[in-house]
Amino acid sequence: MQRASASFCVFYMKNLIVLIAISMFFTLTGCSNGSKSSKQNHVTANMTWEEEGRPFMSAVFHDIISTGEADKCLMVDKVVYVGDLSKSPKMIPFCAKAGCKHDNFDCSAYVGENITEFSPYHNKWYYWNNKEDGSHSSLIEHDPKTNERKTLWQTESHEENGRIYRYSINPNMIKDGKVYFSVSEMIFDAQGDTVQTEYIHALDIHSGEDIILLEFIPSETPYVLEAVSEKAIFLENEIDIVDIGGGYETYVELLEMNLETKEIRTVVSPDKKMHSHFHPYGKTFEDDLVYVTDNELHVFDTKTGKDSLIETIEEGRMLDAIILGNVIYWTVEKEDHIGYAYKTDLIKGNTVPIDQPYKDNHFIFSLYGAAGNGIFGELDREKTKVWMNRDAFEQGLYDQAVIPEY
């Protein structure tokens, strides 16, 4: 293998049923006598979340999220829970009210049944409420110290002039005081014709200013927002590349859109055969965006435009990589259709294989987050969320995985 330079990643399977990805930090305090958990955990934190540009985490699948303080973390299941899984599997509601049952909005930890995505950011929580029938979506700002909640943005499906308008929301990230998200608008007319348009928004959480950065037809240009810098946004665009035999594979190009001029230019050509990221977490860390081609691992600096080659392989095909800090986890499928996982440490300047059991075209452990000495991931195809000590994870000691209790 050959090296160049870069940041930190994780694994994930592309055309096979696989994910592996990484994310991170937030903070809080908590105590309570809950209906699910009555024992206090003595977990405290300062509630600052300085991570910029990290994607919203799934509340539907109860993703574990770091608080940014050692191995303390939180997760959401109608209620926001906090704990330190390096010490105990017990998670407690983020609530200091004695005797609270944590089942209504009088509780500072209660966020409701319709929450789909969640992100802590600079002492507050931001989350999306989406009704199951798709008729209503709203972005909520929630101060857990005061329990003050404010609707920052919302949309509702409606009928107008014989047409039905429906909307779906794809939350992206919060960065530099702005929430970035995509809105897909579907218009159905009486003749059964459908028009779909997508809009990428930037909503200022302080002023409330909502700017539509880009409008496009997804059937023509299926853009996906990947990263944001001070002067530009970065988009994936899928490209089907036809081979000699008449078949094709789908790769992506990376585009940069200047926020002032709206000019879009290609910064990673489809000729490189860059792979798409199926898992939403861990593509970026600070200003760096990680990507793989069939045989190369790269880090693209969204601030300077520098594209650094990190590793190359001569056998097999790279699947995916995730970046966080100064370590990169990445995966390869070889000729024997067996998957292999690696860790690249950018400080030490070395790459080592790690023990990632691979069975039935699936990595046993899908990594998506990290904090302190531990990592968060899914232990099986049932998406069982766990915390593991980082060393135990890299040695494949999955019997040491900790499943949160709440």
Side-chain angles (χ1 to χ4, degrees), residues 52-61 111-112 114-119 121 124-142 149-189 193-229 232-238 252 254-259 262 264 276-281 283-284:
E52 297 284 352
R54 188 184 67 74
F56 280 84
M57 302 294 282
S58 171
V60 175
F61 294 109
V111 290
N114 294 321
I115 178 174
T116 53
E117 287 86 17
F118 178 91
S119 184
Y121 182 78
K124 295 182 180 180
W125 298 339
Y126 295 85
Y127 49 87
W128 289 87
N129 280 329
N130 292 285
K131 289 190 176 180
E132 288 187 10
D133 61 3
S135 63
H136 178 88
S137 296
S138 59
L139 172 64
I140 307 299
E141 178 187 78
H142 182 174
R149 306 168 196 241
K150 181 167 63 175
T151 300
L152 299 182
W153 189 93
Q154 62 182 340
T155 186
E156 291 192 42
S157 298
H158 61 280
E159 187 172 345
E160 182 180 324
N161 298 326
R163 294 180 174 182
I164 299 174
Y165 292 76
R166 287 196 173 275
Y167 302 91
S168 60
I169 310 299
N170 179 29
N172 294 112
M173 67 189 76
I174 307 178
K175 186 171 184 180
D176 300 328
K178 293 183 176 65
V179 180
Y180 293 86
F181 59 99
S182 300
V183 179
S184 179
E185 178 187 66
M186 300 282 290
I187 304 176
F188 306 88
D189 63 21
D193 295 326
T194 305
V195 176
Q196 181 180 8
T197 308
E198 195 150 334
Y199 307 87
I200 295 178
H201 290 247
L203 175 69
D204 191 307
I205 60 178
H206 305 295
S207 69
E209 182 182 19
D210 179 20
I211 299 175
I212 296 178
L213 302 177
L214 182 64
E215 174 184 342
F216 59 96
I217 306 298
S219 60
E220 299 175 0
T221 50
Y223 294 143
V224 176
L225 181 63
E226 293 291 351
V228 175
S229 69
I233 61 173
F234 293 84
L235 308 160
E236 272 191 9
N237 182 37
E238 287 191 352
V252 298
L254 184 65
L255 307 173
E256 177 187 46
M257 189 190 87
N258 184 292
L259 292 176
K262 304 299 182 183
I264 296 177
S276 179
H277 289 270
F278 279 73
H279 200 291
Y281 315 128
K283 294 184 292 286
T284 60

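Between S138 atom OG and K150 atom NZ the span is 14.0 Å, to the nearest 0.5 Å. The CD1 atom of I205 sits 10.0 Å away from atom CG of D176, with the distance rounded to the nearest 0.5 Å. Residue S182 holds its OG atom at 9.0 Å from CG of L214, rounded to the nearest 0.5 Å. Within the model, atoms CG of L225 and CD of E198 stand 10.5 Å from one another, a figure rounded to the nearest 0.5 Å. The distance from atom CZ of F188 to atom CD of E159, rounded to the nearest 0.5 Å, is 12.0 Å. In this structure, the separation between CD on E256 and CD1 on I233 is 10.0 Å, given to the nearest 0.5 Å.
Ring pair W153/H201 is perpendicular by interplanar angle, where above 60° counts as perpendicular and below 30° as parallel. Ring geometry for W128 against F56 counts as perpendicular: the plane angle is over 60°, on a 0 to 90° scale with 30° as the lower cut.
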Could you please spell out the steps behind the side-chain contact (heavy atoms from CB on, under 4.5 Å) verdict for L139 and T151? CA-CA 6 Å; L139 172 64; T151 300; over 6 Å; no
Would L254 and L235 count as a side-chain contact (heavy atoms from CB on, under 4.5 Å) here? Give the steps. CA-CA 6 Å; L254 184 65; L235 308 160; over 6 Å; no
For side-chain contact (heavy atoms from CB on, under 4.5 Å), just list the numbers for I264 and Y223, CA-CA rounded to whole Å, side-chain angles, deciding distance to a tenth of an Å, and then say yes or no. CA-CA 12 Å; I264 296 177; Y223 294 143; 4.2 Å; yes
Between S276 and E236, is the side-chain hydrogen bond (donor to acceptor under 3.5 Å, both in side chains) condition met? List the steps. CA-CA 8 Å; S276 179; E236 272 191 9; 3.1 Å; yes
Show, in sequence, the C-alpha distance, side-chain angles and deciding distance for L213 and K262, and conclude whether the side-chain contact (heavy atoms from CB on, under 4.5 Å) test is met. CA-CA 8 Å; L213 302 177; K262 304 299 182 183; 4.3 Å; yes
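In terms of modelled atom types and a separation under 3.5 Å, the side chain of H142 and the main chain of I140 share no donor-acceptor contact. Formation of a donor-acceptor pair under 3.5 Å by the Y121 side chain with backbone atoms of G177 is found in this model.
Side chains of I164 and S157 form no contact here, defined as non-hydrogen atoms less than 4.5 Å apart.
Considering only residues two or more places apart in sequence or on other chains, S184 meets the side-chain hydrogen bond (donor to acceptor under 3.5 Å, both in side chains) condition with Q196. By the salt bridge (Lys or Arg N to Asp or Glu O under 4.0 Å) test, K175 is found to be paired with D287, residues two or more places apart in sequence or in another chain being considered. Taking the side-chain hydrogen bond (donor to acceptor under 3.5 Å, both in side chains) definition, one finds that Y180 meets it with nothing, sequence neighbours left out.
Considering I169, N129, V60 in turn, V60 is the only one that fulfils the side chain to side chain contact (heavy atoms under 4.5 Å, CB included) rule with T116.
Y165 OH: more than 12 foreign heavy atoms inside a 6.0 Å radius.
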